[in-house]
Amino acid sequence: MALENFDIERSDQEMVRQTLLSSMSFWLTITRMLQIALSFTVLFCTGYTANIFLGDWFHTFGLSFVTFIITMLFMFYIFVTPRRFPKAYQYKVHIAMEIFVTCLWIATVALLSWECQTWDAAEDVVSDVLSSEQAALVNSLPNQDSGILSLRAATALASINCVFWAVTLFRADDLHETQRIATKGLALTADKPSVN
């Protein structure tokens, strides 16, 4: 009898996972794909900036790289684990990872914003204090302007990605509520005696 109840619980859990997989909306999937694309683009832009400035902005690229890797691990967990390894998928881990990745994106945006603000302030001081000939000597790195534009683009794209992460965090909570209701419905159905 206990073994039969265990099998019912296991099949109920499997049905809940399948319900969760099928309830992933089209727009949520599109948003996840945009998050992946924006993550890669921010990584590329910060890498380009670090390359132009000869590693001077490497800490910005380093945080972007760590955020990108953890984002990809999270995407692997939410896309592959429920389909390939359903027993390894835990919703609480999903939410904890989503919160952690959202916090990483907030930190990335903060660092990128600080870098842009620091550069803008330095650029204003150079243009106010020095003559145009002296300022040209200070701004002697090749492709310096494209590096700064790349940093600004990375800041804007990371900000958009941060908003997407906040939206999907709240959307994931809605999916959890759907899963909880489905679990209660399955538990009520399993408790009913069979008619046969």
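When the side chains of ILVMFWY residues are joined at heavy-atom separations under 4.5 Å, either directly or via intervening members, F44 and L63 end up in two distinct hydrophobic clusters. The same ILVMFWY cluster, assembled from side-chain heavy atoms under 4.5 Å apart, contains both F74 and F68. Put simply, I36 and V101 are part of the same group of oily side chains (I, L, V, M, F, W, Y) that touch within less than 4.5 Å, one to the next. When the side chains of ILVMFWY residues are joined at heavy-atom separations under 4.5 Å, either directly or via intervening members, L34 and L104 end up in a single hydrophobic cluster. Under a hydrophobic clustering in which Ile, Leu, Val, Met, Phe, Trp and Tyr are joined whenever their side-chain heavy atoms come within less than 4.5 Å, directly or via other members, V109 and W114 fall into different clusters.
When the options L151, L149, L112, I148 are evaluated for a side-chain contact (heavy atoms from CB on, under 4.5 Å) with T49, the one that passes is L151.
The shortest distance between side-chain heavy atoms of N51 and F61 does not fall below 4.5 Å.
Residues T41 and A37 share a closest heavy-atom pair of OG1-O, 2.8 Å. Between S113 and T155 the shortest heavy-atom distance is OG-CG2, 3.7 Å. Here the shortest heavy-atom pairing between S39 and N161 reads OG-ND2, 3.2 Å. Heavy atoms only, all atoms of each residue included: T46 and A154 are closest at CG2-CB, 3.9 Å. Heavy atoms only, all atoms of each residue included: S150 and C45 are closest at OG-O, 2.7 Å. When all heavy atoms of A166 and T102 are compared, the pair lying nearest together is N-CG2, 4.5 Å.
In this structure, the separation between CD1 on I70 and CE on M97 is 8.5 Å, given to the nearest 0.5 Å. Note that the CE atom of M75 and the CE atom of M33 stand 7.5 Å from one another [nearest 0.5 Å]. Within the model, atoms CG of L38 and SG of C162 stand 11.5 Å from one another, a figure rounded to the nearest 0.5 Å. Atom CD1 in I30 sits 12.5 Å away from atom CZ in R32 (nearest 0.5 Å). Rounding to the nearest 0.5 angstrom, the gap separating the CH2 atom in W165 from the CD1 atom in I160 is 15.5 Å.
No side-chain donor-acceptor contact under 3.5 Å links S64 and T108. Residues W105 and T71 have side chains that bring a donor and an acceptor to within less than 3.5 angstrom of each other. A donor atom on one side chain and an acceptor atom on the other are not found under 3.5 Å apart for H94 and Y77.
Salt bridge E98/K92: absent, no basic N to carboxylate O contact under 4.0 Å.
Although no hydrogens or angles enter the test, the distance criterion places no donor-acceptor pair under 3.5 Å between the side chain of T81 and the main chain of I78. Judged by distance alone, the side chain of Q35 and the main-chain N or O of F164 form a donor-acceptor pair under 3.5 Å.
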**Asked** For T168 and L28, what are the C-alpha separation, side-chain angles and deciding distance, and is it a side-chain contact (heavy atoms from CB on, under 4.5 Å)?
**Response** CA-CA 7 Å; T168 57; L28 184 60; 3.8 Å; yes

